[in-house]
Amino acid sequence: MRILTSSVGRKILMSITGQLLIIFVLIHLIGNSTIFFGPNGINAYAKHLHDLPPLVWAFRLFMLAAVSVHICYGVMLTLENKAANPGAYAVKRNLKKSFASENMIWTGVLLAGFIIYHLLQFTVHGTPDIVVGLDAANRVDVFKMVVTSFGHGLISVTYMAAMVMLFLHLSHGIPSFLQTMGWNNEKTIPVYATGGKVISAILMVAYISIPAVILAGLLKL
Amino acid sequence: MILDGKCPKGPIQTSWDRHRFDMKLVNPANKRKYKILVVGTGLAGGAAAASLGELGYNVEAFCYQDSARRAHSIAAQGGINAAKNYPNDGDSIYRLFYDTIKGGDFRAREADVWRLAQVSNNIIDQCVAQGVPFARDYAGYLDNRSFGGAQVSRTFFARGQTGQQLLLGAYSALSRQVKAGSVKLFARTEMLDLVVVDGEAKGITIRDLVTGEIRTHVGDAVVLATGGYVNVFYLSTNAMGCSVTANWRAVKKGAYFANPCYTQIHPTCIPQTGEHQSKLTLMSESLRNDGRCWAPKKKGDTRAPGEIPEEERDYYLERKYPSFGNLAPRDIASRAAKEQCDDSRGVGPGGRGVYLDFADSIKRLGEDTIRSRYGNLFEMYEKITDENAYKVPMRIYPAPHYSMGGLWVDYNCESNVPGLFVLGEANFSVHGANRLGASALMQGLADGYFVIPYTIANYLAKIKPGSVKADHPECKKSIEDVTGYNNKLLSINGKKTVSEFHRELGKIMWENVGMARSEQSLKEAIKKIPVLREEFWSNVKVTGSGAELNQQLENAGRVADFLEFGELLAKDALHRNESCGGHFRVEHQMPDGEAKRDDENYCYVGAWEFKGVDKEPELHKEPLTFENVHLAVRSYK
Amino acid sequence: MNLTLHVWRQNGAKAPGKLEQYEAKNVSPDQSFLEMLDEVNEQLIKNGKEPIVFDHDCREGICGMCSQVINGVPHGGQERTTVCQLHMRSFSDGDTIYIEPWRALAFPILKDLIVDRSNLEKIMQAGGYTSCHTGGVADGNAILVPQPAAEYAMDAAECIGCGACVAACPNGSAMLYTSAKVAQLAVLPQGQAEAAQRVCDMTDAAQAAGFGNCSNHYECQAACPKGVSVKFIAKLNREYQKALFK
Ligand SMILES: Cc1cc2nc3c(=O)[nH]c(=O)nc-3n(C[C@H](O)[C@H](O)[C@H](O)COP(=O)(O)OP(=O)(O)OC[C@H]3O[C@@H](n4cnc5c(N)ncnc54)[C@H](O)[C@@H]3O)c2cc1C
Ligand code: HEM
Ligand code: SF4
Ligand code: FES
């Protein structure tokens, strides 16, 4: 299977899994935004999601696979790339590469760490801040859980920092996956570069708005 | 001795086809038993090695650069000719043949030139098949332009980088054979001797330029395609590494050097800026299609070009050659530029330059059209001179560019040493005393793709493969000689650097054996060169050792050869007591300053046999006969 | 003008190397960068020292032989300019200049500023050609090539094989170089028959030779003296995907 071993093939897998993750990030954001409609918004949304356990598990496994592939190849490619460049220049001036493109592996690793923490917290409910309960309609009270947790300054800041990582990762990741898929030409190159930054910034702001709004006391129990 | 070019007799139109039929073939199963050593991977050598490898021969190819793709063919800008007659403007094989003979001022062999014109069409097809991105018109057909010295549009081009694209085509064919295992490439390898066994070429001695190892490669035939020698002038449009070394070492082993005095000075180069200059850069002469050459009418005019009014400009080429105008052949255009400068009407630093002005074309066609045609050339010009040629006229001056002379070969591209074949610029064959634009690329590829694959078989079929082994006494001797020679260079430890000597030689050559030569100047050169040579061998400083990467040693060997070869060039120029093509003797000119040939006494190829350094070389003649083109005064008026 | 140079000196592939300091005096602004080094070398030789070795040949920006990293940028960072075409007028009196060789795993240093680029050859040998025979091909006009395709191919074919893209790449990747050839031949009708095999073979060869993978930093295009665009890498990626489904 040349796609699993070749230089370009593995990049394509990175790209496809990256795209899946982006789609997830988008859907997840839309879903999470229901929090702005209060308990009736997000709790209903969560219930709908969990009403179909087989589907939920299929989806989780699928995302797990995507993330694993993305991480495995991300690490592998990065190690190979480091080896291919001894990096011995006494003076090296870069004309193009950005902080974001240079640090994909680190923003990625931090994101991975964040994902684990995030799952432990809101999916497994394994962190001390979690308050699990039912709402008036007998649904899991996600609203309460989230608002309580984000009420802790440190947790909110952690989430915000993670979203900065996401911004960095995607500001290179978006133009990069378009290039890797070959959906690029002379004219689109600069458009993607800007577009990538704008979209990742929007995502970042949108995600951050949740803990920010809670922390600011605008969304209360 | 009278040399025999072995041209087929009879009607010229069928001469190559008949000759091909008459030649012997090598049985396909036997081909791999023959080893062919191809020195040089430019258009000629690259095409030859690829084609021979594909035929099944066991080929080894050598070049001094780090990749076959970097041979100096890469620098050719303008284009390549072919008699396709796609534009339907009256071209034909006969016309290309005629133009080439006439352009060469009737100093080339008819049969060779005919063959060149004939196979020119196959070259284009071959290159297209390789993926050479020739310019196309809107309908997708191949585009043509007219090019220096031709009144038909027969030049195919790939932007301003035709040589590059053709070479990359040949290089790709070569790469394919390397993968197939039929060609073995030896880059960063310089040939320093020819191994001749019982009078036949059987190997070469090389120096590995990385490790310094000197060793012999033996084979059943040797093909030299090592390019031109105009670096004997020091400043030229050639690459820094271009040299006469491969040819000269072959000469020392018995090969004859033909017409060394036929050198081409290209009219459109960027003028020199100072003593530090290491080479000159050519501006493709295709520029002359849209640029107009002029010099101020007033002597010593120092006004900026824009301030010189129209009526005070002398468009000297248009004035002197109304029908060809700015497209007059190179030798003529170069001399005309020199005349302007000698007449104190030159422009730029030192008055060594004339203008090439695009203002009219830009007005007529718009800057965009000019940019699309010559953008990269204008860019190159700006990089070197810091001037914008869209706004101010270019300054140009002639520079040594091409060597029509080279090792003597017969119709089969075989030298007088059996088994030694010579292709491309390294041989003397088709351009006579002057080469027309866009025909060197054509010759290189013709020789490599379509001539040598046939003619070498005729030789190989007659010999037993693998007769000489690497432990042959001649090989051992050759290695000892080369090692001794290099050690001598390293041991002198004098005061002057190699490039100082090269510069000095260049000065002697340019001043005395350059664009205009006289008996007196030539004698002066013949006197000065041996003195300089002697100084070289007692006062040159070559640092480092022979057992490592040592560029000083490489250059020292090349300059040492130039110091011997330059003298031969001057002697040939002195002996050729006529003007023809690029060889201009001031004693022999028409009242209007045109070259005056002496067909009675000099209608021959002058091939020189080396007799030893400081000994008189011996001249051998090959008479030239013209049966298909009338021997006439060349006129471009 | 007078300049201070810090030049990488390394006496052979295995020897350790270091930066050595030299003074370049009375440099003329009309000199090319290599001519400036020539003069430094002349002085070194006269003082009985080993001159700096560097690759060069055509000195007009086309052979791809010259290869120096100047102040941290391959070819010196002037747009569309090779070292040999870089002129001293782009420096000022008193400048300090760092000169280093190409550095990448696949380009071992041979001496001083000279590296071994034969790995680029291997990529070409893996498939950078059309398998046509000498002779026996169709007339040049038998297959029409739309002008935009010819222009696109020519844009890609501008590559001079210098390796600056590799030297600039944080991953030591040869993807720009490889893509230029793949794209050139993929867009021309003559190259299409072998397109799928070619893109696989050439990228495999690059990988095997120790070049890194492409991370789309685009550092290559910025350093490329011929302005070869990373759009050709996108083309390569498309060709690769097509090949995957063949
Ligand atoms: C700037 C410039 C522009 C030109 N423009 C045009 C043009 O537009 N049209 C046209 O038709 N012609 C043009 N020409 C002429 C044409 O490019 C050359 O004549 C032609 O390409 C020569 O090809 P070649 O194969 O004979 O030699 P080259 O391409 O010079 O190849 C010589 C080969 O020999 C090798 N070599 C040399 N010596 C040794 C040695 N001792 N040991 C080992 N290897 C050795 C080199 O490494 C190289 O591979 C131009 C020439 C120049 C310089
Ligand atoms: C929310 C999660 C994530 C998203 C949306 C995401 C998205 C992307 C995208 C779109 C790309 C570009 C792919 C391409 O170049 O074609 C990418 C590249 C990359 N990702 Fe992620 N990613 C995520 C998480 C991670 C994680 C957890 C890691 C892990 C360690 C990681 C490591 C990398 C690396 C190293 C690259 C660069 C690969 C290269 O160019 O060589 N990513 N990512
Ligand atoms: S793509 Fe550009 S930088 Fe890379 S080898 Fe080609 S010309 Fe050099
Ligand atoms: S020396 Fe040829 S490109 Fe610089």
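For clarity, every value in this text was computed on a predicted model and none was experimentally measured. Per chain, numbering begins at 1; letters A, B, ... match sequence-line order.
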Output yes when a side-chain donor or acceptor of [X] lies under 3.5 Å from a complementary backbone atom of [Y], and no otherwise.
X        : Y        : answer
A:Ser176 : A:Gly173 : no
C:Asp116 : C:Ser118 : yes
A:His70  : A:Met14  : yes
A:His172 : C:Ser215 : yes
C:Arg9   : C:Lys18  : no
A:Ser171 : A:Lys197 : no
C:Asp55  : C:Cys66  : no

If I measure from the heavy atoms of chain A, does [X] come under 4.5 Å with its side chain, its backbone, both, or neither?
X        : value
C:Ser229 : side chain
C:Val199 : neither
C:Asn71  : backbone
C:Glu219 : both
C:Tyr98  : side chain
C:Leu19  : side chain
C:Ala167 : both
C:Cys200 : both

Below 30° counts as parallel, above 60° as perpendicular, anything between as tilted: where do the rings of A:Phe122 and A:Tyr159 land?
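Taking A:Tyr159 first and then A:Phe122, their aromatic rings sit tilted (interplane angle of 30° to 60°).
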Plane angle bin for A:His28 and A:Tyr207 - parallel if under 30°, tilted between 30 and 60°, otherwise perpendicular
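Because their plane-to-plane angle lies in the 30° to 60° range, the rings of A:Tyr207 and A:His28 count as tilted.
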I'd like to know which of [options] tops the heavy-atom pair count under 4.5 Å against chain A.
options                                : answer
C:Ala168, C:Pro74, C:Gly210            : C:Ala168
C:Gln221, C:His217, C:Lys235           : C:His217
C:Leu236, C:Thr203, C:Val166, C:Val230 : C:Val230
C:Asn237, C:Asn216, C:Leu105           : C:Asn216

For a quick check under 3.5 Å, do [X] and [Y] share a side-chain donor-acceptor pair by atom type?
X        : Y        : value
C:Asn171 : A:Asn85  : no
A:Tyr73  : A:Thr17  : no
A:Asp129 : A:Gln121 : yes
C:Glu194 : C:Gln192 : no

Enclosure of A:Leu61 CG (heavy-atom neighbours >12, cutoff 6.0 Å):
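Result for CG/A:Leu61: enclosed.
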More than 12 foreign heavy atoms under 6.0 Å from CZ of A:Phe37: is that the case here?
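12 or below, so no.
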Side chain, backbone, both or neither: which part of [X] has an atom under 4.5 Å from a heavy atom of chain C?
X       : value
A:Leu95 : both
A:Lys11 : side chain
A:Ala83 : backbone

With chain C as the partner chain, list the residues of residues 101-118 of chain A whose heavy atoms fall under 4.5 Å from it, by residue number, and write 'none' if nothing qualifies.
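Within residues 101-118 of chain A, the residues that come under 4.5 Å of chain C (heavy atoms only) are A:Ser101, A:Glu102.
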If you tally heavy-atom pairs under 4.5 Å against chain C, which of [options] wins?
options                               : value
A:Thr180, A:Thr78, A:Ile189, A:Asn185 : A:Thr180
A:Thr5, A:Asn94, A:Thr188, A:Leu178   : A:Asn94
A:Glu186, A:Lys97, A:Met181, A:Gln179 : A:Gln179

Salt-bridge present (A:Arg10, A:Glu80; N to O < 4.0 Å)
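Looking at A:Glu80 together with A:Arg10, the answer is yes, because their closest N to O distance falls below 4.0 Å.
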So that I know where these two stand, are C:Tyr152 and C:Phe232 an aromatic pair - ring centroids less than 6.0 Å apart?
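Aromatic pair counts; centres sit under 6.0 Å.
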Answer yes or no on whether C:Arg238 is positioned over the face of A:Trp183, meaning its NZ or CZ is under 6.0 Å from the six-membered ring centre and within 45° of the axis.
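Relative to the ring axis of A:Trp183, which defines the angle, C:Arg238 lies outside at least one limit.
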Which residues, numbered in order, of residues 81-96 of chain C come under 4.5 angstrom of chain A by heavy-atom distance?
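At a heavy-atom separation under 4.5 Å, chain A is reached by no residue of residues 81-96 of chain C.
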